Novice: 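Here's a structure for you.
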Amino acid sequence: MPTQALYAPTRGAVRHRDEVRGLWLGVLGVAIFAITTPMTRLAVGDATAPQLTPLFVTAGRAALAGLLSAMWLWATRAPRPQRHQLRELAITASGVVIGFPLFLALALREVPAIHAAVVTGVLPLATAAVAALVLRQRPSRGFWACAVAGCALVLGYAALQGGGRLSAADGLLLIAVLSAAVGYVYGARLSSAMRPEQVICWVLLGALPITLPLTSWAAAGIDFGAVRSGAWLGFGYVALFSMWLGFFAWYRGLALGGTVRVSQVQLLQPFVSMLAAVPLLGERLDVPTVAFALGVIATVFIGKRMPVGAAGKEHSQ
């Protein structure tokens, strides 16, 4: 046997190394994304003290990140996407560039960031469910039972906070969750064919003809002199980190470790979001909120341990 063969890593070892790298990159991406909720609340303000409008924050963060993406793509001489990838790029943009930021910002005008963190805590199950459908995987009945339980907990929490009924803001948060899940999955598919940082950059650049003029139009009705410095801090964060750099880590993590597996690190997101909302926004945690958050996270944890049938590059845990 050749000497090189004795030290050559096996295919299983390489796969395991990629999964570990993917998991840690996923943790980094989730840590960045977790602060998006309180920072968005900081940018848009609440109904009693509005700051930047949700439309301006949504379009503006994407436009700024799109300009940075254009410079990055030019500097790295990144190859252009192929024609058959344009559809997936458009779907990704509709989810992570427009859908999630807009619906989240609209909801955060009406509900605290801690409330939004609990409701959006079901995102990992939504991501895994969309991945199972799009990638034609075969989750077990146990997985779907956990998904239903997680949704029931989220709806129960929202109803409890709303005095026995759901609010329009809760509906907006659930639409934001679905939008993000779709964007994550299609972005991960693109990441298997091109470098992950190129994925988000091409997505943002492709959306620039829409987001740039929309930013200008949305800015016309804002009294910028009345906008607090904290709102600009929130806007800068969601533009640079949430909309751009976070995806560099997130999509690479999904591509290396597998969408269904790596998405489990989103278990950390509600806790980080809630903890960040305390010093950033002065919000207070209460026992029912923590209890429901733990319940949602428990269903996600159990659901992620349920078997998922393999399809393509994705595989069960």
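Quick caveat, the model's predicted, so the values are computed rather than measured. Numbers here are sequence positions counted from 1.
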Novice: So does A239 get a backbone contact from the side chain of S242, meaning a donor-acceptor N/O pair under 3.5 Å?
Specialist: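 No; zero donor-acceptor contacts below 3.5 Å.
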
Novice: Under 3.5 Å, side chain of T127 to main-chain N/O of L123, donor-acceptor pair present?
Specialist: yes

Novice: Main chain of G95, side chain of S179: is a donor-acceptor contact present, judged purely on distance under 3.5 Å?
Specialist: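 Absent.
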
Novice: Side-chain heavy atoms nearer than 4.5 Å, only ILVMFWY residues, links allowed to pass through others: does that put L205 and L89 together?
Specialist: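 Yes, because L205 and L89 connect within a single hydrophobic cluster, where side-chain heavy atoms sit under 4.5 Å apart.
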
Novice: The criterion is side-chain contact (heavy atoms from CB on, under 4.5 Å); which residues satisfy it with T211, sequence neighbours excluded?
Specialist: A62, A63, V97, I98, A207, L208

Novice: Please round to the nearest 0.5 Å and tell me the distance separating atom CZ of R284 and atom CD1 of I114.
Specialist: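 Going from the CZ atom of R284 to the CD1 atom of I114 covers 10.0 Å.
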
Novice: If you define the side chain from C-beta out and look only at heavy atoms, does anything of L280 sit under 4.5 Å from I35?
Specialist: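 Answer yes - side chains close enough.
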
Novice: Indicate the atoms forming the closest heavy-atom contact of W144 with A129, along with that distance.
Specialist: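 That would be CZ3-CB, 3.7 Å.
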
Novice: Mind listing the closest non-hydrogen atom pair of T37 and A116 along with its distance?
Specialist: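 Smallest heavy-atom distance, with atoms named: CG2-CB, 3.9 Å.
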
Novice: Determine, using the 4.5 Å side-chain heavy-atom cutoff (strictly less than), whether I200 and W74 are members of one ILVMFWY cluster.
Specialist: no

Novice: Nearest 0.5 Å, please: how far is CG in L190 from OG1 in T92?
Specialist: 5.0 Å

Novice: Could you check whether atom CH2 of W72 has more than 12 heavy atoms from other residues, nucleotides or ligands sitting under 6.0 Å from it?
Specialist: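 Yes - once you tally the heavy atoms of other residues, nucleotides and ligands closer than 6.0 Å, there are more than 12.
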
Novice: Within the 4.5 Å heavy-atom criterion, are F103 and L173 side-chain neighbours or not?
Specialist: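 Contact flag for F103/L173 side chains = no.
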
Novice: Kindly compute the distance separating CE (M194) from SG (C201), expressed to the nearest 0.5 Å.
Specialist: 11.0 Å

Novice: Any chance you could measure T289, atom OG1, to Q161, atom CD, to the nearest 0.5 Å?
Specialist: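 It comes to 4.5 Å.
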
Novice: Please check if the side chain of E283 supplies one atom and the backbone of A113 the other of a donor-acceptor pair under 3.5 Å.
Specialist: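 Looks like yes, one N/O pair under 3.5 Å.
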
Novice: Does the separation of the ring centres of F241 and F248 fall below 6.0 angstrom?
Specialist: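 Ring centroids of F241 and F248 are no less than 6.0 Å from each other.
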
Novice: Where the side chain of T120 meets the backbone of V177, is there a donor-acceptor pair that is under 3.5 Å apart?
Specialist: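 No, T120 side chain to V177 backbone: no donor-acceptor pair under 3.5 Å.
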
Novice: Is there a path of hydrophobic side-chain contacts, each under 4.5 Å between heavy atoms, that joins L23 and Y184?
Specialist: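 Yes, L23 and Y184 fall within the same hydrophobic cluster.
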
Novice: When you compare the side chain of I302 with that of F143, does any pair of heavy atoms fall below 4.5 Å?
Specialist: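 A side-chain contact is absent here, since even the closest heavy-atom pair is not under 4.5 Å.
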
Novice: Hydrophobic clusters here meaning ILVMFWY residues chained together by side-chain heavy-atom distances under 4.5 Å, can you tell me if L294 and V118 are in one?
Specialist: yes

Novice: Taking the side chain as every heavy atom from C-beta outward, state whether V134 and R189 have any pair of such atoms under 4.5 Å apart.
Specialist: yes

Novice: side-chain contact (heavy atoms from CB on, under 4.5 Å) between F56 and F224: does it pass, once the steps are laid out?
Specialist: CA-CA 12 Å; F56 177 83; F224 289 106; 4.1 Å; yes

Novice: Are V119 and V30 joined in one hydrophobic group, where the rule is that I, L, V, M, F, W and Y side chains link up if heavy atoms are under 4.5 Å apart?
Specialist: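 Looking at the clustering, V30 is in the same group as V119.
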
Novice: Should R109 and P50 count as side-chain neighbours, where that means a heavy-atom distance under 4.5 Å?
Specialist: yes

Novice: Inspect the surroundings of CG in L67 and state if more than 12 heavy atoms from other residues, nucleotides or ligands are less than 6.0 Å away.
Specialist: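 More than 12 within 6.0 Å, yes.
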
Novice: When rounded to the nearest 0.5 angstrom, what is the spacing between SG in C151 and CG in L174?
Specialist: 7.5 Å

Novice: With a 4.5 Å cut-off on side-chain heavy atoms, are V296 and P270 touching?
Specialist: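 No, too far: nothing below the 4.5 Å cut-off.
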
Novice: Backbone N or O of L256 within a donor-acceptor pair of the E19 side chain at under 3.5 Å?
Specialist: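 Absent.
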
Novice: Of all heavy-atom pairs between Q51 and A43, which one has the smallest distance, and what is that distance?
Specialist: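 Shortest heavy-atom contact: CB-O, 3.2 Å.
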
Novice: Give me the atom names and distance for the closest heavy-atom approach of L28 to A249.
Specialist: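 Closest approach of L28 to A249: CD2-CB, 3.9 Å.
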
Novice: For the pair R252 (side chain) and L25 (backbone), establish whether a donor and an acceptor sit closer than 3.5 Å, ignoring hydrogens and angles.
Specialist: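 Looks like no, no N/O pair under 3.5 Å.
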
Novice: Do M274 and P38 come close enough that some side-chain heavy atom pair is under 4.5 Å?
Specialist: no

Novice: Are any side-chain N or O atoms of S216 and backbone N or O atoms of P213, one a donor and one an acceptor, separated by less than 3.5 Å?
Specialist: no

Novice: Are Y237 and W232 near enough that their ring centres are under 6.0 Å apart?
Specialist: no

Novice: Of all heavy-atom pairs between A65 and L204, which one has the smallest distance, and what is that distance?
Specialist: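 Smallest heavy-atom distance, with atoms named: CB-CD1, 3.7 Å.
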
Novice: About how many Å separate CG of L102 and OG1 of T40, when rounded to the nearest 0.5 Å?
Specialist: 11.0 Å

Novice: Any sub-3.5 Å donor-acceptor pair from T36's side-chain atoms to F33's backbone N or O?
Specialist: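 Checking the backbone N and O of F33 against the side chain of T36, a donor-acceptor pair under 3.5 Å is found.
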
Novice: Testing the basics here: between G187 and V199, what is the closest heavy-atom pair and its distance to 0.1 Å?
Specialist: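 So the two residues come closest at O-CG1, 4.0 Å.
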
Novice: Okay, side chain of Q85, backbone of Q82: is any donor-acceptor separation there less than 3.5 Å?
Specialist: yes

